[in-house]
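Just below is one structure, and these are the notes that go with it.
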Amino acid sequence: MADAAPSAEESRNIRIDGWIKEWDAVQGTGSNDEAKAPAQKIADEVDRDFAYFAAASKGDRGLKVQNLAVQALAFSRNRAATALLVDRLRDLDGSVVGNALIGLKIRSDPDTPLKPLVGLLRAQYAEARRYAPLALANVVRAKEIAHQPIDPALSDAAMAALVGLVEDHDPYARLHAAKAMGALRRTDAIDFLVLLMSDDRATIRIAAAAALERIGDPRSFPSIVALFDRMTDEQKPYVRDILVSFAGQMLGRPMTAVEIKGLDVSPRAWDRWFSARETTKRPDKSTAPP
C-alpha cells in the first residue's frame, strides 16, 4: 500500500524545516544577505497562521512539531513571539529550551527579560550552558542600542555565572561566555577574558580579544598584541581588525588607512605604537612645576 500523501499541515512544516536548514547553512558562512530570503519565507508562513505556531510551540502537536514551531517563531514579525520563546525557557525538554534560546538570540529583542537568561547560565544541561550566554549577549547589545539600562544586580549575577563557564568542557559555552562578558562591558571580566585568550581554540581566543576591545580598557591592549603574536598568518588579520578598532577607541577617531597599513599584521609594530602612545600620555616629571 502506498504511503498516504502528507497533509497540508505536514507539507507546510516540511517546507519550513527546509527553509530553516537553508537559513542556518547560509548564515553560518556569513552570507547575511543570502540568509534574508529563507528568513522572510519562514516569517511569512508563521505570521499567516501565528495561532497555530503559538499553540504548537507549547507542545500541543508533539515534541517534533514543538521544536519546529519554536525555531520558526524566531523569524516571526509578531512581537508576541518573544514572550512565547521566553515561556519555553521553563520547558522540561533541553532541546526545546536550546531552540528557544537560539530563537531569542536571533530575534535580539530589547524587550526580552534578562532574568530567565541569567538563571539558565548555571543550568546543569548542555543546551542551556551553551546557548544562554549567546542569547544574553545579543539581548544585552539590543538593550544597549535601545538605551535600556541593565539592572546592576542582574549584571552582577550574570557575571558571577559566566565566570563558571570560562573553563566549561563545552567550547561553545566558553565561546559564548566570552561574547556575553564583552556585551556586559564589565572590567572585572578582563582577567577571565585574558585567560580565554589562551584557549586551545582560535575562535575562542579571537572572541575573547573582541570582548576586551568592546570593554575598552586600554590596559588590556598589550594582551591582545601578545595574542596577535601567537596566531597563524591566516588568523592574524582577525586580531589586527580588533586592534584597529581598539586603537580607534583610544585615539577618539578611526585609524586612517595609512596608519593601518603601517602597522598591518606586525605585533612588534603594534607594541611600539602602544608604547609610544603611553609614553606621550605620561607627564614629564622633570619639567613639571614644583
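Model, not experiment: these values are computed from the prediction. FYI, side chains are in, hydrogens and waters are out, and symmetry mates aren't considered; it's all heavy atoms of this structure.
For the atom pair CD of Gln66 and CZ of Phe53, the computed distance is 13.5 Å after rounding to the nearest 0.5 Å. Separating the OG atom in Ser57 from the CZ atom in Arg88 is a distance of 5.5 Å, to the nearest 0.5 Å. Atom CG in Leu117 sits 6.0 Å away from atom CG in Leu89 (nearest 0.5 Å). For the atom pair OG (Ser266) and CZ (Arg240), the distance works out to 12.0 Å, reported to the nearest 0.5 Å. Distance CG/Leu84 to CG/Leu104: 10.5 Å, rounded to 0.5 Å. The CZ atom of Arg130 lies 12.5 Å from the CG atom of Leu165; values are rounded to the nearest 0.5 Å.
If you chain together hydrophobic residues whose side chains sit under 4.5 Å apart, Val118 and Ile150 fall into the same group. Note: the hydrophobic cluster containing Ile42 does not contain Ile14 (ILVMFWY, side chain heavy atoms under 4.5 Å, direct or indirect links). Linking Ile, Leu, Val, Met, Phe, Trp and Tyr whenever their side-chain heavy atoms come within less than 4.5 Å puts Leu193 and Leu195 in one cluster.
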Pair Gln71-Trp23, side chain to side chain contact (heavy atoms under 4.5 Å, CB included): steps then yes or no: CA-CA 11 Å; Gln71 292 178 70; Trp23 176 88; over 6 Å; no
Intermediate values then yes/no, side chain to side chain donor-acceptor pair (under 3.5 Å), Ser95 and Asn67: CA-CA 7 Å; Ser95 63; Asn67 267 311; 3.1 Å; yes
Intermediate values then yes/no, salt bridge (charged side-chain N to carboxylate O under 4.0 Å, His left out), Arg48 and Asp44: CA-CA 6 Å; Arg48 262 194 292 269; Asp44 289 343; 5.3 Å; no
Derivation of the side chain to side chain contact (heavy atoms under 4.5 Å, CB included) call for Val194 and Leu227: CA-CA 9 Å; Val194 170; Leu227 170 67; over 6 Å; no
Chi angles and distances behind the side chain to side chain contact (heavy atoms under 4.5 Å, CB included) call for Arg186, Asp156: CA-CA 9 Å; Arg186 295 182 60 109; Asp156 289 345; 2.9 Å; yes
Residues Asp271, Arg268; criterion salt bridge (charged side-chain N to carboxylate O under 4.0 Å, His left out); working and verdict: CA-CA 5 Å; Asp271 193 41; Arg268 302 286 80 76; 5.2 Å; no
Residue pair Asp217, Leu212: steps toward the side chain to side chain contact (heavy atoms under 4.5 Å, CB included) verdict: CA-CA 7 Å; Asp217 188 327; Leu212 288 171; over 6 Å; no
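Heavy-atom contacts from other residues, nucleotides or ligands closer than 6.0 Å to CZ of Phe50 number more than 12. By the 6.0 Å contact criterion, CZ on Arg253 is enclosed, its count of non-hydrogen atoms from other residues, nucleotides or ligands being greater than 12. The neighbour count for Arg90 CZ, taken as heavy atoms of other residues, nucleotides or ligands under 6.0 Å away, does not exceed 12. No more than 12 heavy-atom neighbours from other residues, nucleotides or ligands sit within 6.0 angstrom of CD on Glu167. Annotation: Gln148, atom CD; neighbour count of heavy atoms from other residues, nucleotides and ligands within 6.0 Å is above 12. More than 12 heavy atoms of other residues, nucleotides or ligands lie within 6.0 Å of CZ in Phe274, so this atom counts as buried by the packing criterion.
Listed here is the closest heavy atom pair of Ala207 and Leu175: CB-CD1, 3.5 Å. For Met255 against Leu263, the heavy-atom pair with the smallest separation is CE-CD1, 3.6 Å. Pairing each heavy atom of Ala178 with each of Ala211, the nearest pair is O-CB, 3.3 Å. Annotation for Glu144 and Ala183: closest pair OE1-O, 4.4 Å, computed over non-hydrogen atoms. Contact record, Ile215 with Ala189: CD1-CB, 4.3 Å, taken as the closest heavy-atom pair. Closest approach of Val26 and Ala35 over heavy atoms only: CG1-N, 3.6 Å.
The side-chain heavy atoms of Met181 and Val166, taken from C-beta on, include a pair separated by under 4.5 Å. Residues Val70 and Leu85 are in side-chain contact: their nearest non-hydrogen atoms beyond the backbone lie under 4.5 Å apart. Under the 4.5 Å side-chain criterion, counting only non-hydrogen atoms from C-beta, Trp270 is not in contact with Val239. Residues Lys64 and Leu68 have side chains not in contact (no heavy-atom distance under 4.5 Å, counting atoms from C-beta outward). Side-chain contact between Ile102 and Leu134 is absent, with no heavy-atom pair separated by less than 4.5 Å. With a 4.5 Å cut-off on side-chain heavy atoms, Ser198 and Arg230 count as touching. Residues Asn99 and Val96 fail the side-chain proximity criterion, which asks for heavy atoms closer than 4.5 Å. Within the 4.5 Å cutoff, side-chain heavy atoms of Pro133 are placed close to those of Leu162.
Residue pairs meeting the ring pair (Phe, Tyr, Trp, His ring centres under 6.0 Å) criterion with at least one partner in residues 138-190, sequence neighbours excluded, are absent. Legend: side chain to side chain donor-acceptor pair (under 3.5 Å) pairs involving residues 112-129, not counting sequence neighbours, sorted by first then second residue: Arg129-Asp168. Every pair passing salt bridge (Lys or Arg N to Asp or Glu O under 4.0 Å) that includes a residue from residues 190-203 is listed here, sequence neighbours excluded: Arg174-Asp199, Arg174-Asp200.
With hydrogens and angles disregarded, a donor-acceptor distance shorter than 3.5 Å links the side chain of Arg214 to the backbone of Gly182. In this structure, the side chain of Lys236 engages the main chain of Phe228 through a donor-acceptor pair within 3.5 Å. In terms of modelled atom types and a separation under 3.5 Å, the side chain of Glu45 and the main chain of Arg12 share no donor-acceptor contact. Under a 3.5 Å cut-off, the side chain of Ser155 and the backbone N or O of Asp151 do not form any donor-acceptor pair. The main-chain N or O of Arg77 is found under 3.5 Å from a side-chain atom of Asp47 such that the two form a donor-acceptor pair.
Note: Phe246 and Phe221 have perpendicular aromatic rings, judged against thresholds of 30 and 60 degrees for the angle between ring planes.
Under 4.0 Å is where a charged nitrogen must lie from a carboxylate oxygen, and between Glu22 and Lys41 no such pair does. Checked for salt-bridge contact, Asp91 and Lys58 miss the test: no charged N lies under 4.0 Å from a carboxylate O.
Aromatic rings of Phe75 and Trp19 (six-membered ring for Trp) have centroids beyond the 6.0 Å cut-off, not under it.
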